[in-house]
Amino acid sequence: MALIEMKTPLVEMDGDEMTRILWQMIREKLILPHVALKSEYYDLSLLNRNDTDDQVTVDAANATKKYGVAVKCATITPNKQRMEEYPQLKKLWPSPNGTIRSILDGTVFRTPILIDAVHPAVRNWKKPITVARHAYGDVYKAVDLHTDEPGECTMTFRGESGRETTLSIQKVDGPAVFQGQHNKEKSIRSFARACFQYALDIKQDLWFSTKDTISKIYDGTFRSIFDEEFEDYRARFDALGLTYFYTLIDDAVARVIRSQGGFIWACKNYDGDVMSDMISTAFGSLAMMTSVLVSPDGCWEYEAAHGTVTKHYYRYLRGEQTSTNPLATIFAWSGALRKRGELDALPELTAFADRLEQASLDTLSAGTMTGDLSALVEPGFSARTVSSAEFLDAVAARL
């Protein structure tokens with residue numbers, strides 16, 4: 001059978017550990033037998049980021065701006081433990097996701113993949129909950145300081161006009177840690193617009209939450225910008241019968257748990273990071289959460305929402321069978337191929353992406369599952385636990 005042709009390359013960002021192994025399996029078993037893949041490849045593994053002084057991450061983000069569509073594998077963000085594990089590291093390199101998000105100035109939308117055999121841990125959830133995560137600033141662009149003596153930490157803003165404003169953060173009587181973070185009004189407005197537009201596109205209500213009762217200026221600015229931007233969307237929301245409302249993050253958590261799902265929950269950067277993991281786990285598995293970064297100028301970057309699955313990787317290196325769930329990574333590929341097909345008017349490529357997802361879901365519905373899901377199926381459902389390679393072979397056979 002002739003391979004499906006592509007017009008424009010997509011940006012392919014390879015990653016680390018077990019997800020890197022799955023990445024190659026998915027390419028070889030599910031993509032290359034059907035698609036004449038055009039991709040501009042970037043190796044975002046930790047050691048290559050180290051070798052290139054992280055320039056490869058910047059290059060991959062700029063390539064995404066050039067071509068408009070990217071697919072990304074999970075990557076390591078090093079911490080102190082990773083520095084010991086990889087002694088050749090020159091420094092604690094920043095999160096590649098954070099770097100890419102900053103360059104693209106996009107919003108991350110994360111949505112769980114539902115299957116009938118696994119019911120959510122929250123029994124009243126009936127529909128997916130999409131988390132819209134602001135993708136710039138806050139703790140991910142923060143600077144940290146550790147001090148070992150009594151003293152005072154201050155924060156100073158020096159404007160181009162020469163005017164200075166200084167605030168006292170805290171006087172301390174001994175060792176302490178400090179952190180300074182920021183955000184930009186332009187990015188917050190892009191975040192708000194992306195959320196409102198996405199809600200209109202998928203016809204779902206939008207919730208937004210911060211902690212403006214405590215962070216009156218920082219979080220309060222987020223709330224006021226959302227209120228201002230909503231005025232441009234209010235009539236379209238009303239026409240579709242959609243609702244936008246703001247509430248405190250603690251109230252939002254309670255509302256989410258009591259809800260039936262089927263809405264978008266917009267969160268600041270860290271809140272969205274944590275809450276999307278909580279929601280994906282409650283729906284079944286971290287490996288069942290899709291993630292797409294959407295930039296204001298129409299770039300799309302697809303990835304799995306989970307990490308590099310380190311424990312399975314070391315078992316793999318010992319020659320042991322692993323049962324790592326590849327579904328979110330499969331859906332990252334299908335999402336990128338579908339968007340590439342839509343932008344380039346290639347219905348065959350778009351249809352292939354649909355078939356790839358359906359073949360994956362049908363394999364799960366038939367009871368062939370990785371261990372994370374087979375342990376969660378409803379009583380009476382017959383599930384067979386298989387390795388990652390066996391699961392991908394079963395999907396390939398259906399495809």
Side-chain angles (χ1 to χ4, degrees), residues 22 26 30 74 108-133 198-199 201-207 252-253 255-267 272-292 302-307 309 323-339 353-386 388 391-392 394-395 398-399:
L22 295 176
I26 291 168
L30 303 181
V108 177
F109 295 93
R110 290 180 169 173
T111 307
I113 305 166
L114 304 189
I115 58 174
D116 292 337
V118 178
H119 291 180
V122 181
R123 63 179 182 270
N124 45 285
W125 284 356
K126 308 298 182 186
K127 303 174 184 177
I129 297 169
T130 297
V131 174
R133 174 186 173 187
Y198 198 79
D201 289 344
I202 68 173
K203 297 179 176 58
Q204 288 189 346
D205 293 341
L206 175 67
W207 305 5
V253 171
R255 287 173 178 261
V256 166
I257 294 299
R258 293 195 300 266
S259 76
Q260 291 189 352
F263 56 87
I264 303 165
W265 182 13
C267 296
D273 191 2
V274 175
M275 294 306 171
S276 63
D277 281 354
M278 181 272 289
I279 285 174
S280 63
T281 303
F283 269 108
S285 170
L286 283 172
M288 299 286 282
M289 177 72 94
T290 64
S291 180
V292 55
Y302 296 82
E303 62 179 318
H306 58 74
V309 202
S323 186
T324 315
N325 189 339
L327 205 70
T329 305
I330 294 173
F331 272 57
W333 273 101
S334 62
L337 291 171
R338 181 184 295 108
K339 181 54 64 176
D354 294 340
R355 291 197 303 272
L356 175 56
E357 291 182 1
Q358 194 59 53
S360 302
L361 295 173
D362 287 347
T363 300
L364 294 175
S365 297
T368 301
M369 298 179 169
T370 48
D372 60 321
L373 292 181
S374 61
L376 299 172
V377 297
E378 292 297 301
F381 184 86
S382 178
R384 181 173 68 95
T385 302
V386 298
S388 305
F391 178 78
L392 291 172
V395 174
R398 287 181 178 274
L399 187 60

query: What closest approach, in Å, do Ala332 and Tyr302 show between heavy atoms, and which atom pair accounts for it?
result: O-CB, 3.4 Å
message: Using side chain to side chain contact (heavy atoms under 4.5 Å, CB included), reason through Trp265 and Val253 one step at a time and then give a plain yes or no.
response: CA-CA 10 Å; Trp265 182 13; Val253 171; 4.0 Å; yes
- line: Hits for ring-ring contact (aromatic ring centres under 6.0 Å, His included) against Phe331, two or more places apart or cross-chain, chain-then-number order -> none
statement: Here the pair of heavy atoms bringing Ser360 nearest to Phe391 is O-CZ, 4.2 Å
- prompt: Which is it for Tyr198 and Leu206 under the side chain to side chain contact (heavy atoms under 4.5 Å, CB included) test, yes or no, and what are the steps along the way?
  reply: CA-CA 9 Å; Tyr198 198 79; Leu206 175 67; over 6 Å; no
statement: With Ser374 as partner, the option from Val386, Thr368, Thr385 fulfilling side chain to side chain contact (heavy atoms under 4.5 Å, CB included) is Thr385
query: Do Thr290 side-chain atoms and Thr111 backbone N/O form a donor-acceptor pair below 3.5 Å?
result: yes
message: Once side chain to side chain donor-acceptor pair (under 3.5 Å) is applied, what residue pairs with a partner in residues 324-335 remain, sequence neighbours excluded?
response: His312-Thr324, Asn325-Asp372, Ser334-Glu357
message: Looking at Asp362 and Val395, would you say the former's side chain and the latter's main chain have a donor-acceptor pair under 3.5 Å?
response: no
field: Flag, side chain of Ser276 to backbone of Val131, donor-acceptor distance under 3.5 Å
entry: no
message: Using a 3.5 Å distance criterion without hydrogens, assess whether the side chain of Asp205 forms a donor-acceptor pair with backbone atoms of Phe263.
response: no
query: Hey, mind stepping through Val118 and Leu364 against side chain to side chain contact (heavy atoms under 4.5 Å, CB included) and telling me if it holds?
result: CA-CA 10 Å; Val118 178; Leu364 294 175; over 6 Å; no
statement: Taking every heavy atom of Ser365 against every heavy atom of Phe381, the minimum-distance pair comes out as O-CZ, 3.4 Å
- request: Could I get the full list of salt bridge (Lys or Arg N to Asp or Glu O under 4.0 Å) partners for Asp116, not counting sequence neighbours?
  value: none
Main-chain N/O of Val256 paired to Trp125 side chain as donor or acceptor, under 3.5 Å: yes
- prompt: Of all heavy-atom pairs between Ala304 and Ser291, which one has the smallest distance, and what is that distance?
  reply: C-CB, 4.4 Å
Derivation and outcome, side chain to side chain contact (heavy atoms under 4.5 Å, CB included), residues Val108 and Asp273: CA-CA 10 Å; Val108 177; Asp273 191 2; over 6 Å; no
